[in-house]
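First the structure, in the form of structure tokens, and then the observations on it.
So you know, we letter chains A, B, ... as the sequences are listed, proteins then strands, and number each from 1.
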Amino acid sequence: MPTLKIDEKEVTVPPGTTLIRAAKELGIEIPYYCWHPGLSVAGNCRMCLVEVDKMPKPQISCHIQCQDGMVVRTQSETVKKLREHVLEFLLVNHPLDCPVCDQAGECGLQDYYMKHGLYDSRLNENKVKKGQKAVPIGPTVMLDNERCILCSRCVRFTDEISKSHEFGIFNRGDHSEIGLYPGEELNNKYSGNVVDICPVGALTDRDFRFKCRVWYLKKTESICPGCARGCNITIETSHDRPTGVENERVMRLKPRFNDEVNDWWICDSGRYGYHSIDQNRILTPLVREGTAAAKESNWKDALKQACVSFQNLMAQNKEQIAILLSPMMTNEEIYLAHKLFVETLQLSRVLLLGVHPNGDQDDLLIRSDKHPNRMGAEWLGLIEGKEVTQKLVSEIEKGLIQGLFLFGQDIVSQFQSERLNGALNQMRLSLFIGSNYNQTVSSARMILPGASYAEKDGTFTNFEGRVQRIRKALFPLGESRSELEIIQSFAAQLGLDLPSQTSEDIFLELAGSVPKFRGMTYDTIGHEGVRPA
Amino acid sequence: MIKTKVVSEPPLNFWERIYLPEVFRGLWITSKHFFRNFFLHLAHAFGLLRHLKAGVTIEYPEQTYILPKRSRTRHRLTHRPDGSPRCVACMMCETVCPARCIAIVAEEHPDPNIEKKPKSFDIDLGKCVFCGFCVEACPEDAIRMDTKIVNTAAYSRPAMKLDLNELLNPTSSS
Amino acid sequence: MMTTFVIQAILSLVMFGFVFNLAALHTWIERKQSALMQDRVGANRAWITLPWKWAAPINWLLRPFNVLGLFHPIADAIKMFTKEDFIPPKADRLLHTLAPCLSLFFSLIVFAAIPFGDTIEIGGHVIRLQVANLNAALLYVFGAASLGVYGIALAGFSSHNNYATLGGLRAVSQMLSYEIAMGLTVIGIVLIYGSLDLQELVRRQGAYLWGWIPMWGAILQPVGFLLFLAAGIAETKRIPYDAPEGESEIIGYFVEYSGMKFGMFFFTDYLETILIACLATTLFLGGWQVPYLASSGFLFPWGSHIALSAFSVSLFQIASFVLKVLFFCWLFMTIRWTLPRFRYDQLLKLGWQYLFPIALVNLLVTAAIFLWWVR
């Protein structure tokens, strides 16, 4: 275990640790461009130079390993001068097009110039212009070679993480530039990550292009609901000013570092899967008579009507009512629905049904189960069984089920059944609670608009059993309400004494009664999530 | 370092403190103006003493004040030689605006060397405080406040809004 | 009986006509006088011009009114009457409507007791130029004027608005404080002239000190006069005593009023100004008295005599009263446009720690001198 001194502070680190990591541990900030904690060391940006005693020249701290008795200075005059000069050198060919650059505001060059540069330009020569500006190099990424500082992070990402090997550095000296190998296109499943790791504006996001300046974004930590992995994300929203896309509040999603789940990365389908938050949304309660188009209603009337039919069915025969919960729901919602329908109303047919088609899977992040909370539902006692589901569907088709509650499942498109379509239409009460339009919505008798995952608080349990928080980034769109609220107001309409609780209250109650969640609170879950003890 | 000057208020003497003489002094000054102007207005009515002014008022629609050269007036957007806006929709002005009266939406420019241009550029004069920060912040000299248009009043809030077209071709009737 | 009634009706019409018109004109005076004092031109944009060719002579006649901005009061009235009359949703609708009416009512009825001339004889009827001849008119005046406070307190209270309530409280405490000082100064006058009847007070001010100085209140009670003016302006709630209103920033009791209800409060302000002017005239400047004018004409102390008919004497007296009132209106307006507002603590301090004790001392000294004099 080498012990060394950085800026007069002593630290002991495991052997093989690089200086930059040791400094990070001490809270000493060393600037860097090419180094990335998730990638191999390249050592070509020279920004992280530090002075090490008994070494004749300054050393790059990202590469040099800690040795016992090292004395390192990161704040000496020499180091400061060096940083200034390295920065000046990196900026020699960098165009000053910050006004049109989407990276502006979160750009490494801007940040470090303000922190470590602040020199007066001495450049009299013309800048060497490299390549074309704004070249789309794939469905998601735009390349601008002029802005590139050749840190090679993107090259290393495609070599080491996505292993798709699209990028390379071509030509020499002033003319070297990054580019794709001939015939390649940057279209791997993780292509969006090169935008995140690019420290400058050379690689920018085509989806986010010119939509909004980054400093207008409000950031909320959340969890990607795209698959059972539960990648940590930041939802970045802008809702008080016009943006490039009309009526969209979510501007982009960014991965959030969590070394237990997704490290720094996220897949493209998760990154660009946010459009459902603002588009194709159900905005008001809808009521349908027969096969006609659904009519807009209001919460009061819709809840009343649902309640009356529900109570009639209850009085007749409880067995003709089925409640389908979904692994898209948060733990709190599943718990509350379970409490209402199973414990209070004593219904026997409360089932879990995840109807999205199972998809591909890889070794990095993507899971075949496209539901964020199947594990949580299982912990709460709801396990999906193929035979049970099939039996229920055939019963629905035969008209044996007269009351059906669907929490977001698009069963019509899942089972591709005309008869199911008609059955939903003929049912006494087929209630769909969800946020977006789909085929089931166009045949259900009643539709209550639910909130999207960005509009509510709650927890998801990923496939490894890690309980993670989603946070409310936006208010529910239109008249939609969170599912918790819907369940609570439905219970109130039934005249049941279900206290109106926040999701945090419900989670505390849940943690008290479900063994797997024991001892968890929103505070202990925190930013990174927690696994059961 | 900000220079500060400490001003000590002179202590009031007895007559100032009992206030009444000061009241009379004030009344004396205002009455002097009153009677002087009263007399001059009367005289003007009979065509006398025209060279002595009774009021400094500029009666606006008929008389107009000659604006100083650098006074900030209604905004305009400058053009490129081909007539398109110089603005690249960097939103510096929108960011610096203390009144939040500017709203810009950007879009792709067909020329990749320009890259970005405003799709819409709205200034709400109802909110604008004419501070001129937008002009200071602009890196492209694309916005200026030198139209010398001051009659920005309108009968409705929507009419106080300037769009891209209006900003590129300022007309005096807003 | 009928004639008495008709005469009374005519008298009240004359008085109210005078007061109302003067109050309406006050909006014009306010604008124009402030303009003159501040080297401005003042409001002159409410023009009435007839569009037809044949109306040219009428337009020529209207021109001076237009140029002087004399139609602005009319424009104001039109604006006040046509604006939305808003009652805040949580306000007490009855009290909210009642408050301005109370204010206006109490400030108007006071004028009934103000004598604007001596008696006049027309067709065998001896007419007193006073709407209501009360033998305790002074008490009536003070009583009615004090009741005006209810309108203000109710306005502040019924608006269901903290700012209005605070403004109302400020107004009430200010008016109560200054009424005491004002009442004390007036007692000095009552002491000297020995009457509560305003007409009688004015008559007694027609006497002469040492045969040539008119025995007006201001001459016998100079300190009282100043105190009365100071307290009187405070009663009108106008600058420098406008802490209850403070339209420009602190907001007063009528913040939730609009349209003509606000107009009524505004009007009340002007009426109170005129009222204080009338009272100051009556109590301290000899009311309708003209120096050396007796019922038969001018009788100068050096012996010369100008004979006048009884009717023209009455005209002189009425003119004298009007001129004095106008003088006070001008003075109040000048003060209003000269002095800055008192801070609220300064205002109460002035009322209780200065005006009140000085008025008390003034009263004691007056009483002492009066006793000694009479002995």
*Measuring from B:Glu108:CD to A:Phe210:CZ, what's the distance to the nearest 0.5 Å?*
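The CD atom of B:Glu108 sits 5.0 Å away from the CZ atom of A:Phe210.
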*Taking atom CG of A:Asp97 and atom CD1 of B:Ile114, what is their separation to the nearest 0.5 Å?*
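One finds 12.5 Å between CG of A:Asp97 and CD1 of B:Ile114.
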When you look at [atom1] of [X], are more than 12 heavy atoms from neighbouring residues, nucleotides or ligands closer to it than 6.0 Å?
X        : atom1 : value
A:Asp240 : CG    : yes
A:Phe89  : CZ    : no
A:Tyr113 : OH    : yes
B:Asp82  : CG    : yes
A:Glu246 : CD    : no
A:Phe475 : CZ    : no
B:Phe39  : CZ    : no

Taking C-beta and beyond as the side chain, do [X] and [Y] meet within less than 4.5 Å on heavy atoms?
X        : Y        : value
B:Asn113 : A:Lys133 : yes
B:Val105 : A:Lys211 : no
B:Glu94  : A:Tyr216 : yes

*Heavy atoms only, distances under 4.5 angstrom: which of B:Ile104, B:Thr95, B:Val88 has the most pairs with chain A? Name it, please.*
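Highest number of heavy-atom pairs under 4.5 Å: B:Thr95.
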*Specify which of B:Met91, B:Lys119, B:His109, B:Glu140 makes the most heavy-atom pairs with chain A at under 4.5 Å.*
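It is B:Met91.
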*asked:* Please give me the minimum heavy-atom distance between A:Pro99 and B:Cys90, naming the atom from each residue.
replied: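 Looks like O-CB, 3.0 Å.
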_Check ion pair B:Glu115-A:Arg209 (N to O, under 4.0 angstrom)_ =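 A salt bridge links B:Glu115 with A:Arg209.
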*Determine, step by step, whether B:Lys116 and A:Cys101 satisfy the side-chain contact (heavy atoms from CB on, under 4.5 Å) criterion, reporting the C-alpha distance in whole Å, the side-chain angles of both residues, the deciding distance to 0.1 Å, and the verdict.*
CA-CA 9 Å; B:Lys116 204 175 172 188; A:Cys101 179; over 6 Å; no
